[in-house]
Protein chains: 4
Amino acid sequence: MDGIARDKRSQILRAAARVFSTKGFHKAKVEEIAAEAEVGKGTVYEYFSSKKELFQEMFKSSSMFYLDVLERKLDNKDSVVEKLRQVVSLHLNFIEKHKDIARIILREHMDLGEHLTSWMIEKQEEKVAYIQKLIDEGIDRGELKVMDTAVVARMFLGAVAFSGHMLFFGQEADTEHLTEQVMETLLNGMAQG
Amino acid sequence: MDGIARDKRSQILRAAARVFSTKGFHKAKVEEIAAEAEVGKGTVYEYFSSKKELFQEMFKSSSMFYLDVLERKLDNKDSVVEKLRQVVSLHLNFIEKHKDIARIILREHMDLGEHLTSWMIEKQEEKVAYIQKLIDEGIDRGELKVMDTAVVARMFLGAVAFSGHMLFFGQEADTEHLTEQVMETLLNGMAQG
Amino acid sequence: MDGIARDKRSQILRAAARVFSTKGFHKAKVEEIAAEAEVGKGTVYEYFSSKKELFQEMFKSSSMFYLDVLERKLDNKDSVVEKLRQVVSLHLNFIEKHKDIARIILREHMDLGEHLTSWMIEKQEEKVAYIQKLIDEGIDRGELKVMDTAVVARMFLGAVAFSGHMLFFGQEADTEHLTEQVMETLLNGMAQG
Amino acid sequence: MDGIARDKRSQILRAAARVFSTKGFHKAKVEEIAAEAEVGKGTVYEYFSSKKELFQEMFKSSSMFYLDVLERKLDNKDSVVEKLRQVVSLHLNFIEKHKDIARIILREHMDLGEHLTSWMIEKQEEKVAYIQKLIDEGIDRGELKVMDTAVVARMFLGAVAFSGHMLFFGQEADTEHLTEQVMETLLNGMAQG
DNA sequence: CATGAATGAGCGTTCATTCAT
DNA sequence: CATGAATGAACGCTCATTCAT
């Protein structure tokens with residue numbers, strides 16, 4: 001009655017992550033999530049007022065976890081380049097380890113109604129802002145070139161996000177190597193000479 | 001009796017693009033698409049056997065148009081770098097001009113049932129393959145460094161796709177400038193010196 | 001433009017018989033009947049005001065044809081027993097030759113809305129009345145026993161109708177032999193001695 | 001909370017019997033059956049996966065009930081003639097008491113899609129086989145004449161089924177008397193002397 | 001708190017019927 | 001007369017949400 005199960009709420013949250021990531025928001029049935037969580041259908045509504053809220057909460061707690069790990073690890077890095085490398089590495093390792101949740105984060109552009117979408121766009125913009133701040137810092141320190149950081153921050157995230165697809169579809173599954181490839185290309189470019 | 005209305009099929013296709021891009025697949029009602037196209041609900045089913053097929057056809061014709069323009073413009077370019085620049089430029093201009101359709105293409109990672117999703121992933125992988133081929137060619141010609149082209153092709157597309165978000169959310173709306181920024185960063189990297 | 005096709009009306013009627021008998025009333029599509037008749041869908045409505053009317057007219061003309069043959073053949077028979085034998089024989093031969101239409105007549109108890117049903121019940125009661133009259137005549141002539149003719153007329157038709165199922169499902173396909181069996185049993189009963 | 005309402009499932013089944021028998025399969029609306037059963041539309045689908053299944057289950061449980069009564073009553077009869085008389089009597093009494101369900105069993109030749117029809121034909125053929133076995137037994141015991149039992153079994157059922165129409169349309173409503181009439185005619189025939 | 005039976009709004013789809021050509 | 005493109009009323013079914021126990 002404790003230990004693994006801890007409390008019903010996170011039990012449901014974990015089940016939701018599994019089901020939503022497999023089926024997507026619309027195809028996922030509340031009943032199935034309840035079954036997966038080994039609780040009654042009604043119990044889900046004790047903790048979450050709607051399917052939408054359940055999704056948001058699940059997404060929020062996943063992201064939070066993700067961002068928590070990120071910020072903790074980045075604090076003890078000096079060089080911005082190192083920090084960026086950490087972002088890439090963490091992102092790819094996160095995907096590798098939590099394919100469930102990752103599938104959702106990769107799908108961040110999902111089609112969902114009004115508030116939900118705007119809330120997710122907000123979340124995404126937060127991430128952009130975070131990276132942009134990092135790049136700005138890198139320019140100040142002379143580590144990075146002067147660039148349009150708003151654009152480059154988005155490119156950075158896009159490049160990292162799509163490179164993560166390799167872990168799903170590609171044969172390439174070594175996150176270490178993948179991180180190097182991504183950083184090398186982002187830092188020094190594709191051009192010869 | 002001609003001109004604007006042209007034929008019902010493309011009338012519906014255009015309405016579908018507008019509605020699907022605004023509401024997403026699941027929230028879009030067939031009835032609303034019909035109303036938007038100024039035809040009866042039944043008429044939609046004269047031309048498309050299901051909502052799913054309507055979506056696919058709309059998506060297909062949009063993509064086709066996009067890829068058509070792409071391939072035509074790329075043929076008369078010599079340098080691979082120039083070709084890649086064209087890819088970026090066309091992508092961003094396409095977004096700028098067809099925000100409706102673009103919203104959908106940007107959402108390419110949507111959650112849709114079985115076949116639909118797999119079909120779209122296929123489409124995406126085609127694009128990856130196309131870019132990868134281009135990069136391979138660039139390496140052969142000595143224009144680009146030796147890289148893991150599978151990874152870099154994805155990064156390239158991710159960087160371009162996300163940079164396009166600027167056109168929706170950012171203040172930056174000059175595609176010319178945006179293209180330069182993106183290419184400069186991708187070719188020469190972010191690192192100083 | 002003449003000869004086989006004769007006129008559109010009967011062309012449609014024949015197609016209707018084929019399609020209705022194969023699919024039943026509800027599963028039959030007006031469009032399919034039109035196609036089968038090699039006319040446009042709209043043309044059907046030139047001759048019949050609704051699907052229901054088309055069905056009725058088709059049924060009516062089939063029954064009429066059936067009853068016409070019946071009455072003509074019965075006039076030149078003296079004995080009532082001979083007349084009843086003719087009824088059985090004609091019924092079974094009609095089934096054998098026009099399986100299409102027969103399938104419908106066998107299904108006379110179909111589920112159809114209000115008027116249609118009541119009209120068909122009327123038709124059936126007409127047949128009952130006809131047989132009842134025949135049996136009454138037979139009793140008057142001393143050929144048949146005194147019986148509750150209302151009941152026996154129905155039994156007679158029921159026995160004949162169901163025996164006709166043999167032609168669809170059973171191995172027995174010789175209508176001559178079948179007629180004898182049916183008449184023998186109806187006339188002399190099942191009981192030994 | 002018990003007694004009349006018993007359980008929802010049979011509540012729906014009874015309502016279905018009433019509505020289907022009045023309107024037939026196609027004209028009956030699931031919503032109306034739900035209303036008749038005083039439950040929500042969705043509740044119907046808690047117990048039956050489709051309208052078709054609801055119909056089948058209703059039909060099955062009706063038939064089962066009918067055949068159960070039949071077989072129980074027949075066991076303690078010695079003479080085959082008595083058994084057949086019981087078949088007739090039970091059939092007619094069943095109709096008299098359960099006009100709802102009877103209307104359906106009388107309509108056994110209904111037009112319904114694929115499986116449903118074939119399943120009902122099967123059911124009918126079972127009944128034929130049952131009667132045929134009975135008649136065979138009667139012949140063995142010397143109670144009945146030697147006849148083509150496949151044909152006669154069908155005739156028997158047809159005669160009984162159609163005689164039952166009297167209870168719906170005719171003035172004759174005394175099942176006792178009706179049974180006698182039917183048996184007398186079937187056993188000893190219509191012919192004088 | 002926990003449950004799951006009951007609910008009904010909502011939507012995709014069909015197809016008889018109409019009518020402009 | 002003949003046509004078939006266009007129409008929309010109608011219905012089966014799903015599933016998020018509620019609430020009596």
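Remember, it's a predicted structure, so these values are computed and weren't measured experimentally. Naming convention: chains lettered A, B, ... in sequence-line order (proteins, then strands); numbering from 1 in each chain. Keep in mind that the numbers below use all heavy atoms, side chains included, and drop hydrogens, waters and symmetry copies.
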Would you indicate what [X] reaches in the nucleic acid, counting non-hydrogen atoms under 4.0 angstrom: base, sugar-phosphate, or nothing?
X     : value
A/G42 : base
B/F48 : nothing
C/A28 : sugar-phosphate

How many Å lie between [atom1] on [X] and [atom2] on [N], as a whole number?
X     : N      : atom1 : atom2 : value
C/I33 : E/dC15 : CD1   : C1'   : 12 Å
C/L54 : E/dA16 : CG    : P     : 11 Å
C/K27 : E/dC15 : NZ    : P     : 9 Å
D/K23 : F/dA10 : NZ    : P     : 13 Å
A/E46 : F/dT18 : CD    : C1'   : 11 Å
A/H26 : E/dG12 : NE2   : P     : 11 Å
C/K52 : E/dA16 : NZ    : P     : 13 Å
D/D7  : E/dA5  : CG    : P     : 13 Å

OP1 or OP2 of [N] sitting under 4.0 Å from any side-chain N/O of [X]?
X     : N      : value
D/K41 : E/dG8  : no
A/Y47 : E/dA2  : yes
D/K29 : F/dA10 : no

Practice task
Look at the side chain of B/K23 and the backbone N and O of B/S21, then say whether any donor-acceptor pair between them is shorter than 3.5 Å.
Solution key: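 Judged by distance alone, no pair lies under 3.5 Å.
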Handout entry: Donor-acceptor contact present, side-chain D/K51 to main-chain D/A28, <3.5 Å
Key =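 Yes, D/K51 side chain to D/A28 backbone: donor-acceptor pair under 3.5 Å.
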Considering only heavy atoms from C-beta outward, does the side chain of [X] approach that of [Y] to under 4.5 Å?
X     : Y     : result
B/S10 : B/R14 : yes
D/V30 : D/Y45 : yes
A/F48 : A/L13 : yes

Exercise for the section: For D/E38 and for C/S50, find the nucleotide of DNA chain E with the closest heavy atom, then tell me which residue's nucleotide is more 5'. Expected result: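 Here D/E38 is the residue nearer the 5' end.
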Practice task
Could you pick out which residue, B/S49 or D/T43, lies toward the 5' side of DNA chain E when each is mapped onto its nearest nucleotide?
Solution key: D/T43
Residue [X], side-chain atoms from C-beta onward, closest of [options]:
X     : options               : answer
A/Y45 : F/dA16, E/dT18, F/dA6 : F/dA16
B/V30 : E/dC11, E/dG12, F/dT7 : E/dG12
D/K8  : F/dA6, F/dT3, E/dA6   : E/dA6

Practice task
For the pair C/F25 and C/F20, name the ring-plane relationship: parallel under 30°, tilted 30 to 60°, perpendicular over 60°.
Solution key: parallel
Problem - Least distance between heavy atoms, D/V44 atom then D/I12 atom - result: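 Shortest heavy-atom contact: CA-CD1, 4.0 Å.
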Problem - Watson-Crick or G-U stems of DNA chain E, 3 or more pairs, under 3.5 Å, by first number - result: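 So far as stems of 3 or more pairs are concerned, DNA chain E shows E:2-21 with F:2-21.
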Practice task
Using the closest heavy atom to pick a nucleotide of DNA chain F for each, name whichever of C/V39 or B/G40 lands nearer the 5' end.
Solution key: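 Nearest nucleotide further toward 5': that of C/V39.
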Practice task
Output yes when A/E46 and A/K8 qualify as a salt bridge under the 4.0 Å nitrogen-oxygen rule, no when they do not.
Solution key: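 A/K8 and A/E46: not salt-bridged.
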